Protein chains: 2
Amino acid sequence: MTLAEKAYVSLRKDIVEGRFAPESPLRLADLSERYGMGFSPLREALNRLQAERLVTAESLRGFRVSARSPSEFEDALQARLLIETEALRLSILKGDDTWEASIVAALYALRRQTGRSDGDVDELKARHHAFHRALLAACGSDWLLDFFERLYAATERYRIPALLAAGPQKRDIDAEHGAIADAVLARDAPLAERLLRDHYLRTAGTIRSGMAPA
Amino acid sequence: MTLAEKAYVSLRKDIVEGRFAPESPLRLADLSERYGMGFSPLREALNRLQAERLVTAESLRGFRVSARSPSEFEDALQARLLIETEALRLSILKGDDTWEASIVAALYALRRQTGRSDGDVDELKARHHAFHRALLAACGSDWLLDFFERLYAATERYRIPALLAAGPQKRDIDAEHGAIADAVLARDAPLAERLLRDHYLRTAGTIRSGMAPA
DNA sequence: TCAACAAGGATTTTCGAAAATTCTGGAATT
DNA sequence: AATTCCAGAATTTTCGAAAATCCTTGTTGA
């Protein structure tokens, strides 16, 4: 892996997980020290992230972490619902039993992690992401999967700080995931779409209550 | 405008318009000579284009123009229909009369250009793009507009060579655009969506017949 | 007091060369 | 004849410094 790729992965993770405040400038000298590399690989990573809308750039004024706002969150949420319900519908239509097996596996792995008290949050997030990706993986559209990844990263920036602010959950998230998986495995597309939509809308509610009002 | 931005604009245009063959390597020495700049701004542009899926990159093996294939075209087409019908629906729901005026203006400008025999193809393409963007501009979703731009560029790569191969058009494209604009201005969302969809499916038919079979 | 300006420092952007890796073609070996 | 190996060339990747631009701060002049 080249340094530019490492820079991309690290920066993306640090931005999505909120280790840089939104709108804070990303100065090359600072990043160079933080990640231990020169300007060139960092600039390449920042350009990629700019195309993904995680950072913004202004000519001769460098890069910033892109802003967060309630309206941008609502936008990303609506786009996600559009993309994911369609991708899920297509997956249910086209997926084979290997795909079904991968959902069962992803759900199992996710539940093992939520049930654990030692709480490796990184691992939990990775498995949560993997489960949702597995649902859509058979949709057959690279574009939809690409958009899914973009929007997942964009909304993850809101989810993490909001969950910390919102305190203990009343939801049984394992049960929600299980219900979605059941509907998918039963090839009941309308039900699966409705459950997925509700799942996201419920999360969105939690996020809204953890965010400053618009 | 910085050199990196110029490089991005030029490279994107040259790729979309097919001046580089798909899958051909984009060697830095060649690009440096072609565009008259050093490696740094070119690499930054290539990284942005990689995030947009117009070029592919492989570690230590540089960049290539991304491949074209019938299946990728069908994928992009379906994604476009999903994104654009939804964005159009939202635009009709939310647009004000300034938005209506911008559609009238864009349609007028487009027709002036199609009626011209001196045929500045670049200008025609720009106005065609501007018209389709104007239709969606009031949707209120930055994400949908972003996806629209991506998919427009992706499908434009197929449209241009196919039109040259397909020979003279039997369609009255001005009339199709006019009908879409009329439905939009009448705020008839279902009709506008149907007309837009038909418009793209007809273009897709032309493109398919100009492409080698899958 | 205030606006315009300028000098100096900070920062981004770009270049040219060095380092690292891949590719190519031919010699050596089986 | 086919395969492996290696040296040299080609190419990508990275660095460090130079160039260009922006920002700050203090000064001047009205």
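Computed from a prediction, not measured in an experiment: that's the story for all the values here. In the text below, chain A, chain B and the rest are named by the order of the sequence lines, each starting its count at 1.
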For atom CZ of B:Phe63 and atom C1' of D:dT11, their distance in whole Å | 12 Å

Can you find a pair of side-chain heavy atoms, one from A:Thr114 and one from A:Ile173, that are under 4.5 Å apart?
-> no

Spacing between A:Arg61 atom CZ and C:dT12 atom P, to the nearest angstrom = 12 Å

Contacts of type side chain to side chain contact (heavy atoms under 4.5 Å, CB included), residue A:Ser32, not counting sequence neighbours | A:Phe39, A:Leu42

For the side chain of A:Ala4, starting at C-beta, report the closest nucleotide among D:dT14, C:dT13, D:dT12.
-> D:dT14

Whole Å only: how far is the CZ atom of B:Arg64 from the C1' atom of D:dT11?
-> 13 Å

Going by number, which of residues 34-45 of chain B have a non-hydrogen atom under 4.0 Å from DNA chain C?
-> B:Met37, B:Gly38, B:Ser40, B:Pro41

Over how many whole Å does the gap from A:Arg27 atom CZ to D:dT21 atom C1' extend?
-> 15 Å

Salt-bridge present (A:Glu17, A:Arg157; N to O < 4.0 Å) | no

What is the distance, rounded to the nearest whole Å, between atom CG of B:Leu60 and atom C1' of D:dT14?
-> 11 Å

Non-neighbouring partners of B:Arg197 that pass salt bridge (Lys or Arg N to Asp or Glu O under 4.0 Å), sequence neighbours left out | none

Between C:dT12 (C1') and A:Asn47 (CG): distance, integer Å = 12 Å

Ranking B:Gly62 and A:Ser59 by the position along DNA chain D of their nearest nucleotide, the one closer to 5' is B:Gly62

CG of A:Leu3 versus P of D:dT13: gap in Å, rounded?
-> 11 Å

Between the side chains of A:Glu74 and A:Ser71, is a donor N or O closer than 3.5 angstrom to an acceptor N or O?
-> no

Using a 4.5 Å cut-off on heavy atoms from C-beta on, say whether the side chain of B:Leu77 contacts that of B:Tyr158.
-> no

Base, sugar-phosphate, or nothing for A:Leu28, non-hydrogen atoms under 4.0 angstrom?
-> base

May I have the distance from A:Met1 (atom CE) to D:dT14 (atom C1'), rounded to whole angstrom?
-> 17 Å

If only atom types and distance count, is the side chain of B:Asp120 paired as donor or acceptor with the main-chain N or O of B:Glu123 below 3.5 Å?
-> yes

